[in-house]
> 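Let me begin by handing over the structure; questions about it come next.
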Amino acid sequence: MNIILLGPPGAGKGTQAQILVEKRGMIQLSTGDMLREAKDSGTEMGKVVAEVMARGDLVTDEIVIGLIREKIQGENGGGFIFDGFPRTLAQADALADLLEETGQTLDAVIELQVDDEVLVRRIVGRAEEAAAAGQPVRADDNEESLKQRLMEYYKKTSPLIGYYYAKGQLTSVDGLGAIDEVSGEIDGKLG
Ligand code: AMP
């Protein structure tokens, strides 16, 4: 079973993806994690994406589609969880093509619904917790980048909700509850 977790920054996509990995042996494909790795590797691509990410802008479709293309050919385990991908309609179309080429299907798109006030509190809280624990704070977990990430979400990613609804693949989940409540709801939808 291959699924997409869709939602704005701070909606809990990464947290829910990790739970699905543990419970179902699925494989998490987070383009954000892949890009952060590329950034830390010091490659040319890494240098380019570091600045884009810190501003809260989206990295080019070409780069992220390339990252996903590599992973999708590999081990599928209990299925892929696309976490933070696709983020544009062009990425969604590319994903459909890649899945078809590799003889795979997209089985569900789970939209995590959270209101904007909560997102801001969660992300600012995440940065404060990390700082207090002496852990590295994400370069884009500050108020200015967050505003830009939200803007990018509403301009470029939120149209995917309508896109997958029209394809009959969208399932919406209330992302406001406690982590285990949300994961219970996801489990119920996935069966
Ligand atoms: P995330 O960890 O999913 O919040 O992603 C962090 C940042 O990585 C985003 O703000 C973008 O700059 C970049 N990014 C992650 N996934 C994508 C994607 N699918 N398309 C474009 N940019 C992405």
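Indexing begins at 1, ligand by ligand and atom by atom, following the structure's order.
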> Is a donor on one side and an acceptor on the other found under 3.5 Å between the side chain of Q169 and the backbone of Y165?
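Absent.
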> Is there a continuous path of hydrophobic side-chain contacts, each under 4.5 Å between heavy atoms, that joins I65 to L67?
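As far as the 4.5 Å side-chain criterion goes, L67 and I65 are connected within one cluster.
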> Once rounded to the nearest 0.5 Å, what's the spacing between atom OG1 of T31 and atom CD1 of I63?
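Here the rounded value is 11.5 Å.
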> Measure across M26 and G78 and return the closest heavy-atom pair with its distance rounded to 0.1 Å.
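Heavy atoms only, the tightest pair is CG-O, 3.5 Å.
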> Would you mind checking which non-hydrogen protein atom is closest to atom 20 (N) of ligand 1, with the distance to 0.1 Å?
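Protein heavy atom with the smallest distance to atom 20 (N) of ligand 1: Q91 NE2, 3.0 Å.
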> What is the nearest protein non-hydrogen atom to atom 4 (O) of ligand 1, stated with its residue, atom name and distance?
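In this structure, atom 4 (O) of ligand 1 has R138 NH2, 3.2 Å as its nearest protein heavy atom.
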> Could you list the atoms of ligand 1 found under 4.0 angstrom from a heavy atom of R36?
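With R36 as reference, the close atoms of ligand 1 come out as 2 (O), 6 (C).
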> Yes or no: does E152 have any heavy atom under 4.0 Å from an atom of ligand 1?
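So E152 does not count as touching ligand 1.
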> Just to confirm my output: which protein heavy-atom neighbour is closest to atom 22 (N) of ligand 1, and how far is it?
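Sorting protein heavy atoms by distance from atom 22 (N) of ligand 1 puts V59 N, 3.1 Å first.
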> When you measure from atom 10 (O) of ligand 1 to every protein heavy atom, which one gives the shortest distance, and what is it?
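Sorting protein heavy atoms by distance from atom 10 (O) of ligand 1 puts R149 CG, 3.8 Å first.
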> How close does the nearest protein non-hydrogen atom get to atom 12 (O) of ligand 1, and which residue and atom is it?
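Protein heavy atom at minimum distance: D57 O, 2.6 Å.
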> Any chance CG of L176 has more than 12 other-residue heavy atoms, nucleotides or ligands included, within less than 6.0 Å?
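Atom CG in L176 is packed in, count exceeds 12.
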> Tell me which protein heavy atom sits closest to atom 7 (C) of ligand 1, plus the residue, atom name and distance to 0.1 Å.
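Of every protein heavy atom, M53 CE, 3.8 Å lies nearest to atom 7 (C) of ligand 1.
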> More than 12 heavy atoms of other residues, nucleotides or ligands under 6.0 Å from CD of E100: yes or no?
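No, the 6.0 Å shell around CD holds no more than 12 heavy atoms from other groups.
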> With heavy atoms under 4.0 Å as the rule, classify the contact between V64 and ligand 1 as side chain, backbone, both or neither.
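Answer for V64: side chain.
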> Closest non-hydrogen protein atom to atom 5 (O) of ligand 1, residue and atom name please, with distance?
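Going atom by atom, the protein heavy atom closest to atom 5 (O) of ligand 1 ends up being R87 NH2, 3.5 Å.
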> Could you say whether the N/O atoms of V52 and ligand 1 ever approach to under 3.5 Å?
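No, V52 has no N/O under 3.5 Å of an N/O on ligand 1.
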> Within a strict 4.5 Å, meaning less than it, do heavy atoms of the L58 and V52 side chains meet?
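No, side chains not in contact.
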> If you have a sec, work out which protein heavy atom is nearest atom 13 (C) of ligand 1 and how many Å separate them, to one decimal?
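Looking only at protein heavy atoms, the one closest to atom 13 (C) of ligand 1 is L35 CD1, 3.5 Å.
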> Give a yes or no on whether E44 atom CD has more than 12 heavy-atom contacts from other residues, nucleotides or ligands under 6.0 Å away.
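At most 12 heavy atoms, drawn from other residues, nucleotides or ligands, come within 6.0 Å of this atom.
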> Can you establish whether the number of heavy atoms outside Q104 located under 6.0 Å from its atom CD is more than 12?
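Atom CD in Q104 is crowded, with more than 12 foreign heavy atoms closer than 6.0 Å.
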> What atoms of ligand 1 come closer than 4.0 angstrom to any heavy atom of T31?
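So the answer, numbered in order with elements, is 15 (C), 16 (N), 17 (C), 18 (C), 19 (N).
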